[in-house]
Amino acid sequence: MKQTITEKILSERLGKEVNPKELIEINVDIALGNDITAPLAIREIEKLGLKEVFDPEKIVLVPDHFTPNKDIKSAQQAKILRDFAKKYNIKHYFEIGQMGVEHALLPEQGIVVPGDVIIGADSHTCTYGAMGAFATGVGSTDLAAAMVSGKCWLRVPESMKFIFYGKLNPWVGGKDLILYTISQIGVDGALYCAMEFAGEVINGLSMADRFTICNMAIEAGAKNGIIAADKTTQDYIHKRAQRNYIFYADDEGANYKEIYEFDVSKIEPQVAFPYLPSNCKPASEATDIYIDQVVIGSCTNGRIEDLRIAASILKNKRIHAEVRLIVIPATQNIYLEALNEGLIEIFIKAGAVVSTPTCGPCLGGHMGVLAKGERCVATTNRNFIGRMGDVESEVYLANPAIAAVSAILGRIGMPEEEE
Amino acid sequence: MIIKGKVWKYGDNVNTDEIIPARYLNTSDSKQLAEHCMEDIDLDFAKRVNKGDIVVALKNFGCGSSREHAPLALKTLGISCIIATSFARIFYRNAFNIGLLLIESDEASEDIEKDNLIEIYLDKNCINNLTKNKTYSINPIPEFMQNMINSGGLMKYIRNKMVEN
């Protein structure tokens, strides 16, 4: 049978051809957990009283959500990871100082590679699909099961294909393409499906933009997002990869549940209004939204490329007196790179605070929680009720350029307004 | 297996940030989590829910984060089953993995209202609405999911397998 990339990876791993909707039990290359999800999994494993886990090299633990520990309870949670990692010789445990936002960190470190089957107890695990891997978010019990058995149960997803063609407009990046896509199909538009992104526009995108796109596949309900690995992937991974990797491509004539084609010349920078990522408008139509805070960072848009875009707008500028700008490089390496390139100085001179890597404000954890009635433009991935703080606060999702210029203007705006 | 309970009704896209806000995820203690279940959209829920009560919602219930704390909080409060038009996929697997029953049904989800008293007959694949005196037929729960529910969740299933070996 002609197969999609997702079907090929799963078939090869299982050693037999899989069919969409079929339930399978599959060996995983990497099982990931963080300081919120891993403690529940570890508790389940401790109940089993095992002397060892299935494979300590395949487990990755990243305390990134409430770290550096925001309170005593969070410190206890992080300690559960630390103690477990020590007891079971977990190779990929990232302490503060090495730690980064997990979905930026794992590809950067070459822990996940093309062709992999990856599960993570974090919904944005789908990010790694950008490298041509099968990666999906699961829960804590799934993580526990994978840590002790090396396996995970899955229903083989049907695939949907999204083809992007045409010439990108100024300031439009991966964030705008995925927000636009979600606005077209809805937050359950790809429920249980694989979202495969393809076409000339995707082929021309950097890995950073591709990660951003696959990162938000979950916001359309997808099981995974995926992009065929190519020369760009090769350039990114060959110096980093800690294991061998395989590139897969879909077969000509593979079966897709639906195929969408989008002309990107019609896509402007997008802003997702509260309270759903699908609730998008062009940024140019949102210029009456006055704001209190801007967050630039996260697993969606905290990479060096994102910081460069933000810095290009903030250079020699001051942010609006009534706006707080929080910039969060997603990993220590990104932080250092930004420092060496002079980006951190640009941010600080513009009036921003620059934080150590953390998921913090994205989920209303710490480092930028919103008060009642406050509004924030964020390069993050969710704008649900109460996501970044008070139930009556609001989050507007946008790309790093829109976020940066909005910090200067004190309202949502377009980069052209500041040139 | 017969499940009987009073209904709490919600709409589309109830997300995991609403089921259990992230600000409370600095603990994995299920009782502490349960106290804050649904509080951003329904302050009464955690206070007034009774053991055996049933949640009914529309499409994409449980979308958003992968936090298993969400089904865990609902289960800890005594919710016996969630009926919805559709479920977000991570929530779906998390619920079954911890032994919480979910049923997908367009008809039941749309027709059942808040405070209705309903009975679920899994062996007969139907739901009786005692308040409205109506019956809705439902698709059988997939066998794999039923086994998981019957063994009390995925870890117990794995533990049993380990003992066998």
Side-chain angles (χ1 to χ4, degrees), chain A residues 23 35-37 39-41 43-45 47-48 50 65-66 70-77 80 120-125 136-145 148-149 153-155 157 186-188 191-192 218-219 221-223 275-276 362-365 369 382 384-387 389 391, chain B residues 12-30 32-33 39-41 43 58-72 85-99 142-145 148 153-159 161-163:
Chain A
L23 268 176
D35 51 322
I36 289 181
T37 58
L40 274 177
R43 192 161 70 201
E44 288 300 320
I45 291 176
K47 277 190 211 161
L48 294 176
L50 298 175
H65 278 61
F66 291 152
K70 79 179 180 92
D71 55 23
I72 296 168
K73 282 182 175 178
S74 306
Q76 290 299 135
Q77 298 283 97
I80 293 171
D122 187 279
S123 61
H124 294 106
T125 301
T136 190
V138 298
S140 298
T141 301
D142 286 309
L143 172 63
V148 299
S149 71
W153 68 268
L154 292 173
R155 195 175 79 146
V187 290
D188 63 347
L191 195 59
Y192 293 96
I218 180 68
E219 311 317 334
K223 170 163 274 176
Y275 290 102
L276 286 175
C362 173
L363 70 160
V369 175
R382 290 196 177 123
F384 298 151
I385 292 171
R387 173 74 179 179
V391 190
Chain B
D12 288 339
N13 302 317
V14 173
N15 64 67
T16 53
D17 276 289
E18 290 165 354
I19 299 169
I20 181 72
R23 59 185 177 273
Y24 301 120
L25 298 184
N26 54 2
T27 176
S28 45
D29 180 86
S30 59
Q32 289 183 46
L33 293 168
E39 74 175 26
D40 285 358
I41 56 167
L43 271 172
L58 299 175
K59 68 175 186 175
N60 205 25
F61 187 89
C63 62
S65 151
S66 69
R67 64 190 71 152
E68 201 166 294
H69 312 63
L72 187 64
T85 314
S86 62
F87 292 93
R89 53 159 289 274
I90 306 179
F91 185 88
Y92 184 85
R93 57 186 303 130
N94 285 348
F96 279 99
N97 278 345
I98 63 165
E143 195 186 330
F144 178 76
M145 302 298 164
M148 203 132 64
L154 181 64
M155 288 314 280
K156 286 193 180 136
Y157 174 78
I158 287 181
R159 205 177 307 165
K161 258 173 129 176
M162 283 169 65
V163 172

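In what follows, chains are A, B, ... by sequence order, proteins preceding strands, each numbered from 1.
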Step by step, would you call B:Arg89 with A:Thr136 a side chain to side chain donor-acceptor pair (under 3.5 Å)?
CA-CA 10 Å; B:Arg89 53 159 289 274; A:Thr136 190; 3.0 Å; yes
Quick one: what part of A:Leu48 sits under 4.5 Å from any heavy atom of chain B, side chain, backbone, both or neither?
side chain
Which heavy atom of B:Leu154 sits nearest a heavy atom of A:Ala145, and at what distance?
CD2-CB, 3.6 Å
Non-hydrogen side-chain atoms of A:Arg382 and B:Ser65 separated by less than 4.5 Å:
yes
B:Glu68 side chain to A:Thr141 backbone, donor-acceptor under 3.5 Å:
yes
Please report the interatomic distance OG(A:Ser140) to CG(B:Asn94), rounded to the nearest 0.5 Å.
7.0 Å
Region of A:Ala222 in contact with chain B, defined by heavy-atom distances below 4.5 Å
backbone
Any sub-3.5 Å donor-acceptor pair from B:His69's side-chain atoms to A:Leu40's backbone N or O?
no
For A:Glu44 and B:Lys156, run side-chain contact (heavy atoms from CB on, under 4.5 Å): C-alpha distance rounded to whole Å, both residues' side-chain angles, the deciding distance at 0.1 Å, then the answer.
CA-CA 10 Å; A:Glu44 288 300 320; B:Lys156 286 193 180 136; over 6 Å; no
Could you tell me whether B:Arg93 and A:Asp142 have a side-chain N and a carboxylate O separated by less than 4.0 Å?
yes
Region of A:Ile36 that comes under 4.5 Å of a non-hydrogen atom in chain B
both
Okay, A:Ile72 and chain B: the region with an atom under 4.5 Å from a heavy atom over there is neither
Between B:Gly153, B:Ser86, B:Gly64, which shows the greatest number of heavy-atom pairs under 4.5 Å with chain A?
B:Gly64
Within a strict 4.5 Å, meaning less than it, do heavy atoms of the A:Arg43 and B:Met155 side chains meet?
no
Interface moiety of B:Leu25 toward chain A, non-hydrogen atoms closer than 4.5 Å:
both
Which atom names give the shortest non-hydrogen contact between B:Ser28 and A:Gln77, and what distance separates them?
OG-OE1, 3.6 Å
Between CD of B:Glu18 and OH of A:Tyr275, what distance do you get to the nearest 0.5 Å?
10.0 Å
Straight-line distance of B:Arg23 CZ to A:Arg387 CZ, nearest 0.5 Å
12.0 Å
To check you understand the geometry: which heavy-atom pair defines the closest contact between A:Gly386 and B:Asp40, and what is its length?
CA-OD2, 4.3 Å
Can you tell if the side chain of A:Lys73 reaches within under 4.5 Å of the side chain of B:Gln32, non-hydrogen atoms only?
yes
Quick one: of B:Asp12, B:Asn26, B:Asp29, who has the most non-hydrogen atom pairs under 4.5 Å with chain A?
B:Asn26
What's the separation between atom CZ in B:Phe87 and atom OH in A:Tyr192, rounded to the nearest 0.5 Å?
8.0 Å
Under a 4.5 Å heavy-atom cutoff, which of B:Asn13, B:Asn60, B:Thr16 has the most pairs with chain A?
B:Asn60
Between A:Val369 and chain B, with a heavy-atom cut-off of 4.5 Å, which part of the residue counts as in contact: side chain, backbone, both or neither?
neither
Go through the atoms of A:Leu154 and report whether side chain, backbone, both or neither lie under 4.5 Å from a heavy atom of chain B.
both
Nearest heavy-atom neighbours spanning A:Ala121 and B:Ser66
C-OG, 3.4 Å
Heavy-atom pairs under 4.5 Å with chain B are the metric here; pick the option from A:Leu363, A:Val138, A:Ile218, A:Asp122 that has the most.
A:Val138
Can you find a pair of side-chain heavy atoms, one from A:Val187 and one from B:Asn15, that are under 4.5 Å apart?
no
What part of A:Phe66 gets closer than 4.5 Å to chain B, counting heavy atoms only: side chain, backbone, both or neither?
side chain
Considering non-hydrogen atoms only, spot the tightest contact between B:Ala88 and A:Leu191 and give its length.
CA-CD1, 3.8 Å
Is A:Asp71 in contact with chain B via its backbone, its side chain, both, or neither, using a 4.5 Å heavy-atom distance?
side chain
